[in-house]
Student: 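One structure, as structure tokens, below. Some questions next.
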Amino acid sequence: MKTYNPSEIESKWNRIWEEKPVNKDDGKKEKFYCLDMFPYPSGNGLHVGHWRGYVISDVISRYHIMKGQYVIHPMGWDAFGLPAENYAIKVHEHPSISTEKNIDNIREQIKQISAVYDWDMEVNTTDPKFYKWTQWIFVQMFKKGLAYEKQMPINWCPSCKTGLANEEVVDGACERCGSPVTKKNLKQWMLKITNYADRLLDDLPNLDWPEKVKKMQTDWIGRSYGAEVDFPIDGRNEKITVYTTRPDTLFGCTFMVLAPEHEMAKSLATPENEKAVDDYIFETSKKSSVDRLQNKEKTGVFTGSYAINPINGKRVPIWLSDYVLADYGTGAVMCVPAHDDRDYEFAKKFNIPIIQVISKNGKATSDGRIPMDGITPEDGNVLPENEGAYTAASGIMINSGEWDKMESSELKVKAPEIIEKKGLGKKKKNYKFRDWVFSRQRYWGEPIPIIHCEKCGPVPVPEEELPLLLPDVDSYEPTGTGESPLAAMEDWVNCKCPNCGGPAKRETNTMPQWAGSSWYFLRYVDNKNESELVSKERAKKYLPVDMYVGGVEHAVLHLLYARFYTMFLHDIGVVDFDEPFKKLFNQGMITGKNGIKMSKSKGNVVSPDDLIRDYGCDSLRLYELFVGPPELDAEWDDRGIDGVYRFLSKLYRLVMEEKDKDVKETPELVRLRHQLSYTITSRMKNFSLNTVVSAFMEFNNKFQELSKTTGVDKETLCTYARLLAPFAPHIAEELWEALGNTNSVFEAGWPEYDEKLMEEDTIEIPVQVNGKTKVVVTLPKNVSKDEAIAAGHSAVDSKLSGNVVKEIFVPGRIINFVVK
RNA sequence: GCAGGAGUGGCGGAAUGGCAGACGCAGCAGACUCAAAAUCUGCCGGGGGUAACUUCGUGUGGGUUCAAGUCCCAUCUCCUGCACCA
């Protein structure tokens, strides 16, 4: 008897599939686009954690092939960017060489998964034929005014020696290397992603994405509604505009705080406060953003100047404090200590009056006047009833002049308009997120296709001259000066203005890694097109992506950028949809022991190579699924793979023993067959891939038992092979062939099931006494209540002590006697 | 602080309100073997009992229900994300 030999079976079927692909577009099939987040070709190669997402997406792809669809399942390389360049520097090899080597290496590793990738569709972001279009998109954005230059302090990673987008800064540190991020004043190319803020937000509810990711994008964009209010400066013909989401509390404003970076900060200082103000501004400028974030203890300095609250004409002191952010809103806030935690803390620390303007329980405080510790109460100076600020917008307005007795929640909505009508300010919508800093001062990226002309300003490289090739340089290491290594290449930098022909200089910054990944998924389906990014016809036929599988780490970076790019390409007529990914699935991470992330430095990386050699690809695929629910993190344990290997060995032996026996099908076998199809199909639909594997094992155990008695019929074994095909494709093909079939199992279609044929004649029903199961009885499936109760009594009467006060029978479920 | 997720045997994990621990790993005992590996069979949450059986048991405390891992209220711990955004 032949035993299961995975390496023999797998190389055989890999060869056959190479010659006769199982996934074909006959022009009639419905398409299904199943996409993986493409990897950057790191020098370390793949570990079992990388496999997980690829196995999941391949199972989905093969399932859809079995369902009769044409599946677009491509793979490519996100090969520009910092990781690739840092690796090249480390191994002293030009990034173009090291990247190519790494791609060749990873491609071979990915092929070991035996996924149905269509390698004719492969893309590589560093291929000039690809980045021609990355540059083309930038030029289109420039023409539409969405790409613009700005001199400003940006996030700077001193270790990577480049500017970073806000999205790339996590807790004040570089997302890549973890170094604390500093500020550097640089002239930058920016993309006006904020123009798309509302669309990026408002589309989210329609996407079939994990709620977590939608929430992260919502928070990141951070839209808020409120008002800008103008506060005249006392004794000067100037004003300060503040942004507030709580204009309803305007009467409670007792001071104002400006960010130390605010342009008026210095000029507001009165002579006697000048030194303190200067010192404070200087101290703040020295702090890193990490320090500023971590130290939540309020600090501040009084400028000596006052502003006039326009609603009631009261003078309020103007302070500076670093808890106000310069780049959000107007960089100045009105402070209502009674109804804002931060303002409350600040007021307490610096003894500023606190005036309550919302009564929580709908009543004004009884006497309305409670003196505050250490200060003399001014007229109308009231403390909140309890410790701390009352921040909810619900309750009745008090101490608020004409607004008294109004409901706070209603006023909050109406106030911006009231303020606008009174000419005190205007309605305003604000966003937390900023335009996208798009320049990188590094070598290994797409050159930004812009020429700077003294006369004409920035001029795009003419489209027919694209791609603008990344020139070969002697030294590609980052300079750290804020200039790209390209700046040193005078021959390349100096050029003629395409507009006026005069002397001009090329832009020397490159694009961020995200540039290519923001649109690569569009290119797969038309990757050889030299005249268009993607043809209308192919875009219509194959796009957008139906299922996107990848890690959650890209929730606000890649996924937000890709949506922005797609919306833009929609707007200029390249594609006719504006959301790229209909459905998103985030697989959990595979970690080493104790949940520690797999990394070379930790020495806990598990390579798939040895496992494939010892157990085969099918076993590893199954174990990647069996290790736990696909959306949760899972700890890798090498020993677990023995279980799935034993399962496949037993299954193989079963089929080899049963196939020539000519076993007649029995009602039990028919029932099991349909139950199997039903179980696998429904678990597949629920995405419960770990329990799919359990179900295969369970049914295999049942069939092992039956093989000792009635045997297992061919039809049932064939059904098993078809169901197994998306999960363990090689052995499924082998068994399918052994069972006498001459076509591929992937041409056999996904097995249907008939719920009627799944039903058993008898059912097992637990008999409970006071909810505790005492015994299980077997009854006919359509048993009546009376018969069931009678059967229940005869089964447990000997154990009943006391009177039965209630008899419960739930058909097919339970018999329960309530006894007193 | 806010939001989301999780808490079940030695371990990974199963359970449309209806037999808690499926399936697998590890472990124990046995069979085969000169022996080992592989394979096969049985056992495998805690307490009590030779056993039939009994009792407790899904982070903790309450509640709803004939019946709760599952629903409700409160609470603790861990993980993830966001965090002075006015």
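Below, chain A is the first sequence line, B the second, and so on; all start at residue 1.
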Student: With P as the reference atom in both, quote the distance from B:rA51 to B:rC43 in angstrom, rounded to an integer.
Tutor: 15 Å
Student: Could you walk me through whether A:D340 and A:R246 pass the salt bridge (charged side-chain N to carboxylate O under 4.0 Å, His left out) check?
Tutor: CA-CA 10 Å; A:D340 182 281; A:R246 294 298 302 277; over 6 Å; no
Student: Nearest to the side chain of A:F626, heavy atoms from C-beta on, is which of B:rA26, B:rG18, B:rG12?
Tutor: B:rG12
Student: Sort out the partner of B:rG4 for me: Watson-Crick or G-U wobble, both distances under 3.5 Å, none otherwise.
Tutor: B:rC79
Student: Distances under 3.5 Å between protein N/O atoms and the N/O atoms of nucleotides 28-32 of chain B, please, pair by pair.
Tutor:
none

Student: If you check the A:Q768 side chain, which of B:rC84, B:rC25, B:rC19 turns out closest?
Tutor: B:rC19
Student: Regarding A:K432, tell me which of base, sugar-phosphate or nothing describes its non-hydrogen contacts under 4.0 Å with the strands shown.
Tutor: base
Student: Examine A:K427 relative to A:Y225 and say whether NZ or CZ is less than 6.0 Å from the centre of the six-membered ring and inside a 45° cone about the ring axis.
Tutor: no
Student: Expressed as a whole number of Å, how far does the P atom of B:rC11 sit from that of B:rG59?
Tutor: 14 Å
Student: With heavy atoms under 4.0 Å as the rule, sort A:D343 into base, sugar-phosphate or nothing.
Tutor: nothing
Student: Does the pair A:K414 and A:D248 meet the rule for a salt bridge (charged side-chain N to carboxylate O under 4.0 Å, His left out), with working shown?
Tutor: CA-CA 8 Å; A:K414 285 186 201 155; A:D248 53 314; over 6 Å; no
Student: From NZ of A:K212 over to P of B:rA3, roughly how many Å is that when rounded to an integer?
Tutor: 16 Å
Student: Could you give the CG-to-P distance, from A:D340 to B:rC84, as a whole number of Å?
Tutor: 13 Å
Student: May I ask you to verify whether the side chain of A:N816 and the base of B:rC66 hold a donor-acceptor pair under 3.5 Å?
Tutor: yes
Student: Starting at the 5' end of RNA chain B, which residue's closest nucleotide do you reach first, A:M216 or A:A332?
Tutor: A:M216
Student: For A:S649, answer base if it contacts any base atom (sugar-phosphate contacts may also be present), sugar-phosphate if it contacts only those atoms, and nothing otherwise; contact means non-hydrogen atoms under 4.0 Å.
Tutor: nothing
Student: With sugar-phosphate meaning primed atoms plus P, OP1 and OP2, does A:S694 contact a base, only sugar-phosphate, or nothing at under 4.0 Å between heavy atoms?
Tutor: base
Student: Kindly point out which of B:rG13, B:rC19, B:rA15 is positioned nearest to the side chain of A:E764?
Tutor: B:rC19
Student: Closest approach to the side chain of A:P629, judged atom by atom: which nucleotide of B:rA86, B:rA22, B:rG13 is it?
Tutor: B:rG13
Student: Kindly indicate whether the side chain of A:K772 and the base of B:rC19 share any N or O donor-acceptor pair separated by less than 3.5 Å?
Tutor: no
Student: Strictly by modelled atom types, are A:S285 and A:Y280 linked by a side-chain donor-acceptor pair under 3.5 Å?
Tutor: no
Student: Hey, does A:F231 have a side-chain heavy atom less than 4.5 Å from the side chain of A:I318?
Tutor: no
Student: Has A:K650 got its NZ or CZ under 6.0 Å from the middle of the six-membered ring of A:F647, at an angle within 45 degrees of the ring axis?
Tutor: no
Student: Paired with B:rG27: which nucleotide, if any, by Watson-Crick or G-U wobble criteria at under 3.5 Å for both distances?
Tutor: B:rC43
Student: Which listed nucleotide (B:rG13, B:rA86, B:rC19) is nearest to the side chain of A:P766?
Tutor: B:rC19
Student: Do any N or O atoms from the side chain of A:N690 and from the backbone of A:P630 form a donor-acceptor pair under 3.5 angstrom?
Tutor: no
Student: Select from A:A695 and A:E635 the residue whose nearest nucleotide in RNA chain B is closer to the 5' end of that strand.
Tutor: A:E635
Student: Is A:V324 touching bases, backbone alone, or none of the nucleic acid, heavy atoms closer than 4.0 Å?
Tutor: base
Student: So what does A:V776 touch, heavy atoms closer than 4.0 Å: a base, only the sugar-phosphate, or nothing?
Tutor: base
Student: Base, sugar-phosphate alone, or nothing: which one does A:V810 contact when heavy atoms must sit under 4.0 Å apart?
Tutor: base
Student: Strictly under 3.5 Å: I want the nitrogen or oxygen pairs between protein and nucleotides 39-42 of chain B, one per line.
Tutor:
none

Student: For B:rU80 and B:rG63, measure between their P atoms and round to the nearest Å.
Tutor: 36 Å
Student: A:V818 has a side chain; which of B:rA20, B:rC66, B:rG5 sits nearest to it?
Tutor: B:rC66
Student: Could you please name the option among B:rG13, B:rA86, B:rC23 that lies closest to any side-chain atom of A:E698?
Tutor: B:rC23
Student: Hey, does A:E807 reach any base, or is it just sugar-phosphate, or nothing, if we go heavy atoms under 4.0 Å?
Tutor: nothing
Student: Students often get this wrong, so: under 4.0 angstrom with heavy atoms, is A:N701 touching a base, only sugar-phosphate, or nothing?
Tutor: sugar-phosphate
Student: Do A:Q704 and A:S707 have side-chain atoms, one donor and one acceptor, less than 3.5 Å apart?
Tutor: no
Student: Answer yes or no: are there more than 12 heavy-atom neighbours, outside A:K239 itself, under 6.0 Å from its atom NZ?
Tutor: no
Student: Please name the residue in the list A:V357, A:D343, A:L411 that meets the side chain to side chain contact (heavy atoms under 4.5 Å, CB included) test with A:T249.
Tutor: A:V357
Student: How about A:W319 and A:F346: are their ring centroids closer than 6.0 Å?
Tutor: yes
